[in-house]
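Throughout, protein chains are lettered first and strands after them, A, B, ... in sequence-line order, and every chain is numbered starting at 1.
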Amino acid sequence: MSLRRLDTTALIYLALAGVVAIGGIAVAIDGGNLFSTANLVDMFTRTSLTGFLALGMTLVILCRSLDLSVGYTAALASMVAATTMDGDPNRIVLGALAALLVAGLVGAANGAIVSFLGVNPFIATLGVGLIIKGYLDTEYKGPAGLVPTAFQQFGYSRIAFVPVSTLVMLALAAAGIWFLRSTRTGHHMYAVGGNIDVARMSGVRTKSTLMTAHILCGMFAGVAGLLLAARFGTGSATEAYSNLYELDAIAAVVLGGTLLLGGRGGIAGTVAGVLILAVLDTVFNVMQINPFAKDVLRGAIIITAVAIYARRQLSRTARRPRFAAAGTAADTGRP
Amino acid sequence: TTDEIPEAETTEEATASTEEEWFVQADYEEQLAQRDIEPEGDPTTPWLQAIEPEWVDTSEYAVDGGDHTVCFSNASVSNPWRVTGWITMQQQVEVLQEAGEIGEFLHSDAADDDEKQISDIQAFIDSGECDALLISPSTTATLTPAVEAACESGIPVVVFDRGVNTDCAVTFIHPIGGYAFGADAAEFLVDNLEPGSTVLALRILPGVDVLEHRWAAAQEIFADSELEILGNEFTGGDAAEIKNIVTQYLQRGEVDGIWMDAGDGAVAAIEAFEDAGQPYPVMTGEDELSFMRKWKETGMTALAPVYSNFQWRTPVLAATMILNGEQVPKEWVLPQEPITEAELDDYLERNEDMPSLHYAKFGGEDLPGFPDAWRDR
Amino acid sequence: MGRIRTAAAALAGGGTGTVFALLAAIFIAVAFTNPGFFEGPSLMAFLKQAAPLVILAAGQYFVIVSGNFDLSVGALVGAQVVIAARLIDGEESRTLPVMGVMLLFGLAVGLVNGLVTTALKVQSFITTLGMMLVLTGAIRLWTGGAPTGSLSEAFRGPGRRGIDDVPLIGQIPWAVLIMIGVGAAAIWLMRTRFGRVLVASGDNELAAELSGGRVDTVRTVAFVLSGLSATVAGVLIGGYAGVSAQVGQGMEFTVITAVVLGGVVLGGGRGAVVAAMAGALTIEALFALFNQMALPSTIRPAAQGLIIIAAVAYAAKRRTRRPVAATATTNANPS
Amino acid sequence: MSQAPVLAMRGIDKSFLGVPVLRSVDLVIEPGEVHAVVGENGAGKSTLMKILAGVHTADAGTIELGGRAVSFTHPLQAQHAGVATVFQEFNLLPELSVAENIHLGREPRRRGLIDRRAMAERTAALLSDLGVDDLAPAAKAKTLSVPRQQIVEIAKAMSQGADLICMDEPTAALADAEVELLYRLVERLRDKGVSVLYVSHRLREIFDLCDRITVLKDGERVTTVDTADITPDELVTAMVGRRIEAVFPEPLPGTETGEVRLAVTGGGNAQIDGIDLEVRAGEIVGLAGLQGSGRTEIAEAVFGIEPFTRGTVAVDGETRRITGPRKAIAAGIALVTEDRKAQGLALNQSVGANARMVLDANARVHSRARLARISGILSSLDLVSRGEDQEVQYLSGGNQQKVVVAKWLAAEPGVIVLDEPTRGIDVGAKHKLYAVIRSLAAEGLAVLLITSELIEVIGLADRIVVLHDGRIAGELPGGATEQQVMAYATGRSPA
Ligand SMILES: Nc1ncnc2c1ncn2[C@@H]1O[C@H](COP(=O)(O)OP(=O)(O)OP(=O)(O)O)[C@@H](O)[C@H]1O
Ligand SMILES: Nc1ncnc2c1ncn2[C@@H]1O[C@H](COP(=O)(O)OP(=O)(O)OP(=O)(O)O)[C@@H](O)[C@H]1O
Ligand SMILES: [Mg+2]
Ligand SMILES: [Mg+2]
């Protein structure tokens, strides 16, 4: 299967290359240079936030679950971090840990509702998101807390033209790839996503696998929250609302070739998906594309890309289904 | 009915904390005072007027020759007020480009995403193309570090509309502000309603300072009035939501006054009264045309508080002034006067062929693009 | 006779029962906080407000029960209102023609969603997410960012007016009649052969296909129906409240929540359209209740989230897991 | 004094949705014993096995393994306790490789991390040890044919070094040839002193393999006997509760073969080639062949799922281009598919809804009259259900199969293709189905019967067409001997 996943991934990096090439040409015709240091920096900067969210999202989606609460979780985490640090450099570690812990707990809540209460992940995480929103709006009347300048570096400093946050994101991505490939829990995520009943009957601890995925997803959102805090210098709640971060993340994951139905895909692809979105953002900006046109283009491109992948998977499994009983568990499943 | 009193109380409690969070006595008093100060400069060009300006020298930023590249990081154009302003700004830019003051005008739109706007600002700085950088921050607190970074880069920075928690910008342009807006509206209700009358407050969303200030000021004034505040509801500015909420309040009892922290969907609120067969309330909206036209048409008692939309002209002008080394006010406080019954006809006439969701005090009448640029958006 | 039995069976089964119980509970609570609520006029006013969501729920039901998702309805509702305002521009005479145009537009959007999902095999989550982006962008592009023009009185009629001076009810809003009409039509449609094949397709594509069912066709039709329901909802909302830049925002999530609250299983093949519409009514009732209780606005999302999760969890527990054997459905949900 | 039994289940109760499925069932298995559990569809065999495997938990009763009381809440515990299971439903993950499937949940680890090399090596070793040398450990499960998948499942169970291996209808998907391999494996286990719990509807296997037999009926244990002390007929009587006379009913009076209804000439596509086939009205033609010989491919080609790319198909003398199921149905062809759950039924829908699915889906065959006849058809098949609005997922295998047949009969086809119609259904139901097939012929339908159980073809078919490697190897008259059939099936020609 590694081989199979590899060539799918390869295709996605091809797509990325294509986007970069076309973007580069377009910008060049427009009289600019997409590969100027400034633009490269910009591109990478735009990867980190969506990146963190998409990494976590990949795990839950692989398990045939979903997390629509990541935006709110990130906002909550940024609040916790900022208010805990409260401008005191000595409390940075404490604040960061607190944020990750809270985010992890939110993930755990999601996981528990999905796997133990058997609520469809779409609804479960949508609900949890609303609960967090309610809490934040009631508890904080706006941005709160203060992030010490030392920690703001996480959001602003860069090595050569690669921002630190992006490096952290890539490091976590590498860790994620390793986790999925080399640990049992990671490996079992594919099984759980493939068919939860078969996985269970084969002795896989499906519930705890699902929990792990959700907890990790929450913690990734926590990291995203830390990034927000670092870049804002404070914790912000309103941030998450207007911009549907969760949808960005899901789009990145699917662009990365991971099946929304679970069981197939991986983090390497997701990184490419994130990059594609980032490149588009930069290109649009450099070319001064009208803000509304951006949405149209983004939407169209996402659909087209996924359609191309689908074509391929189609031709692959064109044979009659031999997999009667190893189908999908519609109850635990999600469209 | 009796069960309303406790309700009213609970909501007051619930919002009481807001007060501490958002209410700064000094700023409040300053803004209320500024309303009565005669601004310096020519009243026919309010966007160049300034209240108690403290002029600062900008010679250090002077660049010879014209055709300067001006960059603009916009928070978003996600609501009609910003759309109107954005058009005005572009029209102003064209004039300055004609005049050879501005060469290229680069802009980026963050679609209300603070994170994106930070990246946008960074991108402008890194590109090294900008002679001046205009910023309309999406959120005060969160954009502060980015703006500071921009200042450090050495190019002149002009901040307008919402502020940031730093005065590193060469100039910060804004109308008097949220407290004044909220106070104008609240005072109007207090003056035009009998003691004991009931008022419903309709708000867009929580946590945005410009809006929170309006509500904070209103509460301050309602607090020592005889008016009963039925509640304050978040509507997201969605007309349907507004109409639902108002309708439901009307089912439970009389509503004599409506206070809004922004004009979006004001008409829907009025229609709720019509459909419920209730007398029109005393109402404050904004200088958005559909509201003003409805106001005219119904002849209701109303006020259009103004958050001066013409401020969108000022930043580009300020940028050229700075790049020419001319003095600009450190904090450029623009006039902000509500539109009263008396001025209603005048403003409706001036904006006769403007579309609804256009803002009366957009201040672009003298620009060459007028009226097509605004009418045909 | 059989009708009664199936209805009874439906009520007994899973979430369907739950939603009516919940609706009753909420109404009782409302009655306590404000007895006046059930007097004719205020009840009519409530139903008038609820009508658009109920109609959307019916449309969304078709899509969900056939194993898909439609995230584009919120954007479509908004687009329709804006289109109406811009094209009518206050001219009474244009009302009907423009309504015609809107119907065609809704139909076209649904058709595109359907074809991209069925023919290009793009998971509907992505198709409709992309469509959502495209619609919001395109409409704003077209109107330069904020709605222009204005609606005619005639257009406002269906959403705003009704049959006046009805004894003790006061006014019967057209919206309520339209809602009832649409509801009846939906129920009838689900009893036709189309309806049966639709559910079968959501339950087991392959079996439906091999029985000669036109799976792709019915699924596409489902999307079209959703698009049309969004159009009707748009007419009602536009009529009810007029134009504003924010119309329809976030409605897609509310309506999907409503449908799931109605015991319709994401992934297809289960649930009744009546229940889906009841779910929408329940959500509206919930909002009304919050308002009656003068629950601080900021806490409401939290309460909403909690109640929804609880209800869906309860339903999930009542619908005992299907026999493991029964998970032998190949990809019952192509999302 | 013999050592403690490997397994002792006592007083096991289980009910689903308040419906009792098992009532105080006892089951004792001695070391090295091969123990059969038999019973009609829905008797509770799989449920009993799933309780033992930790998939379901019993409502009451005790389970002892090697004398130690155990109670499982998760399959993992059962595995650790030394119970391995081959479930009735396919239990592999298509996207995973053979090696990964076999080791799922028990991946070998080095320093806490999955050791893929070890995994591959162990798999290779295991497979060759089982005498299966043509299975690549790295191959994705989904690329394997049904029989190969079944072999992987069995290997998976064997790899766990369990002292008790439960097999729930392991041969249901195997043709007689592959069954031989299974026989060898079971013998090996018995020699190693491993006990086997064996569930099957195929009496012959029971008598070939098993030492003792426990009979379940309606969730209760009827009896446990030594295989030596019982004859097949007695066993059937015990299972079904009534005597079943001659296994294969005679053709019904008045059945005469009429004109040709289905004619395939020179048919071929990617999997099959040179297919010349005629089925006449009132005739039952059997398709025999080894697993993977292309029988289902023929069915699918005739029905337009994977259409013929060469040759012609004529129905009732009229040449038809059958490019999809709808065309086939319009032409009066019906296909009872190999896999009822994946291809035949909408499991969440009611019996009624499933039975009318074909009529609902095809305007061409839809009619009030036919709708009205459905209830009649269902009862004529002796469907056992809690009414027409019961969801089919809660029916046992045999009854589910009846629903599938009913939905096709509702369309009143002229040609009916039955692919493995008796797979996994019990003697009683099978017998019933044989009768149904006969009556179909009597009504003048052309019947094309595909089955992996040779005796069925021989007992039912008027003519037997034998396939080998996707081509027709030969044709035999009904009642031919198994040797003759196997000769063609294995590519030799009978002397
Ligand atoms: N998870 C479940 N939920 C509800 N009912 C079930 C479940 N599993 C099995 N049943 C019912 O319990 C009864 C026994 O099922 P079981 O699968 O044990 O029968 P079986 O003896 O294995 O039949 P077959 O020979 O067809 O496999 C059947 O009526 C079946 O419908
Ligand atoms: N999904 C698949 N992937 C790869 N090969 C397949 C697949 N399905 C079938 N085949 C191959 O096609 C040929 C026919 O397979 P199939 O098992 O359908 O034959 P059959 O005679 O119908 O056997 P049975 O009817 O018992 O399943 C075999 O060589 C099989 O391995
Ligand atoms: Mg069984
Ligand atoms: Mg076959």
- Parallel, tilted or perpendicular: which fits the ring planes of Phe122(A) and Phe69(C), with parallel below 30° and perpendicular above 60°? tilted

- Full working for side-chain contact (heavy atoms from CB on, under 4.5 Å) between Arg140(C) and Asp295(A): CA-CA 10 Å; Arg140(C) 295 201 164 184; Asp295(A) 281 341; over 6 Å; no

- Note on the structure: So CZ of Phe125(C) and CG of Leu261(A): to nearest 0.5 Å the spacing works out to 12.0 Å

- Query: What's the shortest heavy-atom distance between Gly134(A) and Pro301(C), and which atoms?
  - Reply: N-CB, 4.1 Å

- Determine whether Leu133(C) and Lys294(A) make a side-chain contact, defined as any pair of heavy atoms from C-beta on separated by less than 4.5 Å. no

- Message: Taking side chain as everything from C-beta outward and backbone as N, CA, C, O, which of these in Ala307(A) sits under 4.5 Å from a heavy atom of chain C? Side chain, backbone, both or neither.
- Response: both

- Roughly how far apart are Ile303(A) CD1 and Asn113(C) CG, rounded to 0.5 Å? 7.5 Å

- Closest heavy-atom contact between Ala316(C) and Gly118(A)? CB-O, 3.4 Å

- Enter the distance from Gln304(C):CD to Leu130(A):CG here, rounded to the nearest 0.5 Å. 5.0 Å

- Tell me, side chain or backbone of Val312(C) under 4.5 Å from chain A's heavy atoms, or both, or neither? both

- Task: Can you measure from CD1 (Ile123(A)) to CG (Leu266(C)) and round to the nearest 0.5 angstrom?
- Result: 6.0 Å

- Interatomic distance, Ile299(C) atom CD1 to Glu139(A) atom CD [nearest 0.5 angstrom]: 10.0 Å

- Relative to chain A, which segment of Met131(C) carries a heavy atom at a distance below 4.5 Å: side chain, backbone, both, or neither? backbone

- Leu129(C), part contacting chain A, at a heavy-atom distance under 4.5 Å: side chain

- Which answer fits Leu68(A), side chain, backbone, both or neither, if we ask what part of it has an atom under 4.5 Å from a heavy atom of chain C? side chain

- Item | Euclidean distance, Phe253(C) CZ relative to Leu126(A) CG, rounded to 0.5 Å | 6.0 Å

- Task: Select, from Gly250(C), Ser297(C), Ala303(C), Gly145(C), the one with the greatest count of heavy-atom pairs under 4.5 Å involving chain A.
- Result: Gly145(C)

- Message: Would Val265(C) and Asn120(A) count as a side-chain contact (heavy atoms from CB on, under 4.5 Å) here? Give the steps.
- Response: CA-CA 8 Å; Val265(C) 173; Asn120(A) 179 294; 5.8 Å; no

- Task: Heavy-atom distances under 4.5 Å only: say whether Arg300(C) touches chain A with side chain, backbone, both or neither.
- Result: neither

- Minimum-distance pair of heavy atoms, taken over all atoms of Lys317(C) and Phe116(A): NZ-O, 3.2 Å

- Note on the structure: Okay, Val254(A) and chain C: the region with an atom under 4.5 Å from a heavy atom over there is side chain

